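For reference, the structure discussed in these notes is given below.
Keep in mind that the numbers below use all heavy atoms, side chains included, and drop hydrogens, waters and symmetry copies. Note that the structure is predicted; figures quoted are calculated from it, not measured.
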Amino acid sequence: SAALPCLRGLLAHSYEWVRVHCAAALWEIGGEAEASAVLDALLEAMVRNSATANHVVACLDRMGPLAAPALPLLREQLALPRRGGRFESVESDEELQRIGRALIARLGSSASGAGKEDHSEKTEL
């Protein structure tokens, strides 16, 4: 936990790869309390540098339901004819598709359940 302040600071680094690896480490060490900062760093890195996609989706997968805010970007990426990822290879693209679909299915079901609760609360207001 002594590394947390340094990792948080490195989330602002100019190089996407530094941010991705620090975000993953921050998640592993800090957990739920760091979810928002981790998500911001991961999603921004994936948008700026598609080569980070494999590392980003792997971390999103480990984050479980807390990665639900990534759903729009995951859906957007799956709609592309080809994703980036490691070496922009066919194998990497297929892996991104597989993990992306699994994440969307898992996160979508948990988000839709939360959305139903949120909708009923809004209706009551």
Side-chain angles (χ1 to χ4, degrees):
S1 63
L4 290 175
C6 182
L7 290 170
R8 284 186 205 109
L10 287 170
L11 292 181
H13 196 278
S14 61
Y15 189 44
E16 291 87 13
W17 284 105
V18 171
R19 292 195 308 269
V20 167
H21 290 294
C22 287
L26 188 59
W27 171 254
E28 297 301 326
I29 298 168
E32 287 186 34
E34 305 295 338
S36 179
V38 168
L39 272 171
D40 289 346
L42 291 175
L43 299 182
E44 181 184 341
M46 190 167 161
V47 167
R48 289 181 181 255
N49 184 349
S50 63
T52 64
N54 297 86
H55 292 282
V56 170
V57 297
C59 189
L60 293 174
D61 192 33
R62 291 190 303 273
M63 292 177 75
L66 293 174
L71 278 169
L73 180 60
L74 292 170
R75 288 184 180 118
E76 179 184 308
Q77 290 293 310
L78 264 183
L80 295 173
R82 184 177 172 116
R83 283 125 306 271
R86 270 189 309 265
F87 313 116
E88 296 189 14
S89 68
V90 172
E91 293 81 14
S92 175
D93 189 53
E94 290 174 348
E95 179 185 356
L96 284 170
Q97 289 181 62
R98 182 182 52 75
I99 295 171
R101 284 188 184 101
L103 276 167
I104 289 169
R106 190 175 58 217
L107 296 175
S109 65
S110 65
S112 66
K116 289 177 186 174
E117 293 171 15
D118 289 345
H119 177 69
S120 65
E121 289 174 11
K122 291 178 185 175
T123 305
E124 292 176 14
L125 295 175

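The minimum heavy-atom distance linking G108 with R75 is given by the pair CA-NH2, 4.3 Å. Between V20 and A45, the closest heavy-atom pair is CG2-CB, 3.4 Å. Of all non-hydrogen atoms in G64 and L107, the two that sit nearest each other are O-CD2, 3.1 Å. Shown here for N54 and S92, the closest heavy-atom pair between the two residues is OD1-OG, 3.0 Å.
Side-chain contact between M46 and L73 is present, with at least one heavy-atom pair separated by less than 4.5 Å. Side chains of V57 and L74 form a contact here, defined as non-hydrogen atoms less than 4.5 Å apart.
The side-chain contact (heavy atoms from CB on, under 4.5 Å) test applied to A23 returns L11, V38, A41, L42, not counting sequence neighbours. By the side-chain contact (heavy atoms from CB on, under 4.5 Å) test, Q97 is found to be paired with L78, R83, D93, R101, residues two or more places apart in sequence or in another chain being considered. Residues forming a salt bridge (Lys or Arg N to Asp or Glu O under 4.0 Å) with D61 (at least two apart in sequence, or on another chain): R106. Residues passing the salt bridge (Lys or Arg N to Asp or Glu O under 4.0 Å) test with R48 are E44, sequence neighbours excluded. Scanning for salt bridge (Lys or Arg N to Asp or Glu O under 4.0 Å) contacts around R62 gives E28, with sequence neighbours left out.
A chain of hydrophobic side-chain contacts below 4.5 Å, direct or via other Ile, Leu, Val, Met, Phe, Trp or Tyr residues, connects I29 to V56. When the side chains of ILVMFWY residues are joined at heavy-atom separations under 4.5 Å, either directly or via intervening members, M63 and L4 end up in a single hydrophobic cluster.
One finds the CG atom of L96 at 10.5 Å from the CZ atom of R82 (value rounded to the nearest 0.5 Å).
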Step-by-step side chain to side chain contact (heavy atoms under 4.5 Å, CB included) determination, L66 to L39: CA-CA 9 Å; L66 293 174; L39 272 171; 5.7 Å; no
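For residues 7-18, the set of pairs meeting the side chain to side chain donor-acceptor pair (under 3.5 Å) definition, not counting sequence neighbours, comprises R8-E34.
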